[in-house]
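First comes the structure, then the notes that go with it.
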Protein chains: 2
Amino acid sequence: MAKRVTDKTSSPERRSPCPVACALDVFGDRWTLLVIRDLVLGKTRFKDFAASPEGIPTNVLSERLSRLLAHGIVSQVSASEGSKHLAYRLTEKGRALLPILGAMRDWGLAWERGTRAHLGEAATIG
Amino acid sequence: MAKRVTDKTSSPERRSPCPVACALDVFGDRWTLLVIRDLVLGKTRFKDFAASPEGIPTNVLSERLSRLLAHGIVSQVSASEGSKHLAYRLTEKGRALLPILGAMRDWGLAWERGTRAHLGEAATIG
DNA sequence: TGTTTTACTTTCAAAAAACAAGTGAATCAA
DNA sequence: TTGATTCACTTGTTTTTTGAAAGTAAAACA
């Protein structure tokens, strides 16, 4: 007899139909949006994300990248012609996160002292 | 001989001067922004946040509220005249999170099927 | 060919989250 | 005024996630 804990068939572990809650289920943690930020800044490789100043642990990076792949937020392409290494790129769904990143950058700059944008002032993001 | 791990004097545990990283240190988790959302929706009491459909555990709610207080994002006022119960309100710094919430709601509605805004369509947030 | 780089995976201790239950002050109903 | 109920937590306990370090295998480079 199968023990039904929750119906994860229709929508795997969605807490509510709220779009904010749903978004947080995808990227509601301390690292995911930093990977997105790096992608926006032009980084494409595992080692590049790992080299960011915040120092994401590689196991966390690995898990986050596969989650983003699973959610269709990033895709993998060949790093360069003939290369067997892979590069990560934002999909359209991933690029649609730009306004969120822009709003967060603006809030941080306005309210948290000592912050500086490596993201281009207004053009790149937001 | 004091072992200096990190200089937490100037800015306690800031990972980098990036405003996005800094913002994530404040509200980069699955719950905090849902409390902010509830505040935007007009909820002010502990029990109201706890009653939201996502079902935040009370110990987590408690911890998040004190963190938000510590960061000056919410403040406490008397729930009603003469009452000794307290109500939570967004400060200006907290209201400045509205564009982030709005951008997240828009992204969720656009890219995650089955989401619906209890937040007023465009007027309330964003 | 041997060395280095890349992109992970594994291990494991520590921290955080989830869950359940308890507590005491405040409010309310009789 | 007493007793029940609500409120806002706090306290255990278990489960999950992190984070730091080390290990690994394929690819690239010399």
Side-chain angles (χ1 to χ4, degrees), chain A residues 3 5-6 8 12-16 21 24-35 38-39 42-71 74-89, chain B residues 3-6 8 12-16 21 24-35 38-39 43-71 74-89:
Chain A
K3 180 173 64 173
V5 179
T6 317
K8 306 206 172 190
E13 60 200 68
R14 182 165 292 180
R15 292 179 288 174
S16 82
L24 289 171
D25 282 337
V26 177
F27 53 78
D29 65 82
R30 293 167 65 246
W31 294 111
T32 304
L33 285 175
L34 293 182
V35 175
D38 285 349
L39 283 160
K43 295 182 178 179
T44 59
R45 306 290 294 278
F46 189 96
K47 70 170 184 329
D48 300 328
F49 307 133
S52 281
E54 292 85 11
I56 184 172
T58 57
N59 58 341
V60 174
L61 174 56
S62 188
E63 195 275 335
R64 293 302 189 276
L65 284 171
S66 28
R67 173 136 47 120
L68 290 172
L69 280 167
H71 280 279
V74 302
S75 62
Q76 285 181 318
V77 291
S78 185
S80 58
E81 28 194 325
S83 170
K84 281 182 182 171
H85 279 310
L86 294 170
Y88 295 91
R89 292 294 176 79
Chain B
K3 179 174 63 173
R4 162 171 293 216
V5 179
T6 316
K8 306 206 171 190
E13 61 200 67
R14 181 166 293 180
R15 291 179 288 174
S16 82
L24 290 171
D25 282 337
V26 177
F27 53 78
D29 65 84
R30 293 167 65 247
W31 293 111
T32 305
L33 285 175
L34 293 181
V35 176
D38 284 349
L39 282 160
K43 296 182 178 178
T44 59
R45 307 290 294 278
F46 190 96
K47 69 171 184 330
D48 299 328
F49 308 134
S52 280
E54 292 84 11
I56 184 172
T58 57
N59 57 343
V60 174
L61 174 55
S62 188
E63 195 274 334
R64 292 303 188 277
L65 284 171
S66 26
R67 173 137 45 120
L68 290 172
L69 280 167
H71 280 281
V74 303
S75 62
Q76 286 181 318
V77 293
S78 185
S80 58
E81 29 192 325
S83 171
K84 282 181 182 171
H85 280 309
L86 294 171
Y88 296 90
R89 292 294 175 80

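Chain identifiers are assigned alphabetically (A, B, ...) following the order of the sequence lines, protein sequences preceding nucleic acid strands; residue numbering begins at 1 within each chain.
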Whole-Å distance between D:dT17 P and A:D29 CG? 12 Å
Answer whether the closest heavy-atom distance between the side chains of A:W31 and B:R15 falls below 4.5 Å. yes
Closest non-hydrogen contact found for A:S62 with A:S66 is O-OG, 2.9 Å
Decide side chain to side chain contact (heavy atoms under 4.5 Å, CB included) for B:L39 and B:F49; before the verdict, give the C-alpha distance in whole Å, the side-chain angles of both, and the deciding distance to 0.1 Å. CA-CA 8 Å; B:L39 282 160; B:F49 308 134; 3.6 Å; yes
Any residue of residues 56-71 of chain A with a heavy atom less than 4.0 Å from an atom of DNA chain D: A:P57, A:T58, A:N59, A:R64
Could you tell me how far apart A:R30 (CZ) and D:dT18 (C1') are, to the nearest whole angstrom? 9 Å
Separation between CG (A:L65) and CG (A:L69), nearest 0.5 Å, reads 6.5 Å
Degree of bending in the helix from C:dT1-D:dA30 to C:dA30-D:dT1 once both end axes are built from five pairs, to 10°: 30°
Sequence neighbours left out, what passes ring-ring contact (aromatic ring centres under 6.0 Å, His included) with B:Y88? Give chain and number order. none
Can you check whether B:R30 reaches A:D25 side chain to side chain, under 4.5 Å on heavy atoms? yes
Taking the side chain from A:R89 and the backbone from A:V74, do they hold a donor-acceptor pair closer than 3.5 Å? no
Near DNA chain D, which residues from residues 45-55 of chain A have a heavy atom under 4.0 Å away? none
Is there a side chain to side chain contact (heavy atoms under 4.5 Å, CB included) between A:F27 and A:L68? Walk through the geometry before answering. CA-CA 9 Å; A:F27 53 78; A:L68 290 172; 5.6 Å; no
With sequence neighbours excluded, residues passing side chain to side chain donor-acceptor pair (under 3.5 Å) with B:D29: B:T32, B:R64
Under a 4.0 Å heavy-atom criterion, DNA chain C is touched by chain A from C:dT6 to C:dT11
Let me see the working for A:D48 and A:D38 under side chain to side chain contact (heavy atoms under 4.5 Å, CB included), right down to the final yes or no. CA-CA 8 Å; A:D48 300 328; A:D38 285 349; over 6 Å; no
Rounded to the nearest Å, what distance is computed from the NE2 atom of residue B:H85 to the C1' atom of nucleotide D:dC9? 12 Å
Does any part of the side chain of B:L34, heavy atoms only, come nearer than 4.5 Å to the side chain of B:I56, both counted from C-beta? no
Under the 3.5 angstrom rule, does the side chain of B:R67 hit a backbone N or O of B:V26 as a donor-acceptor pair? yes
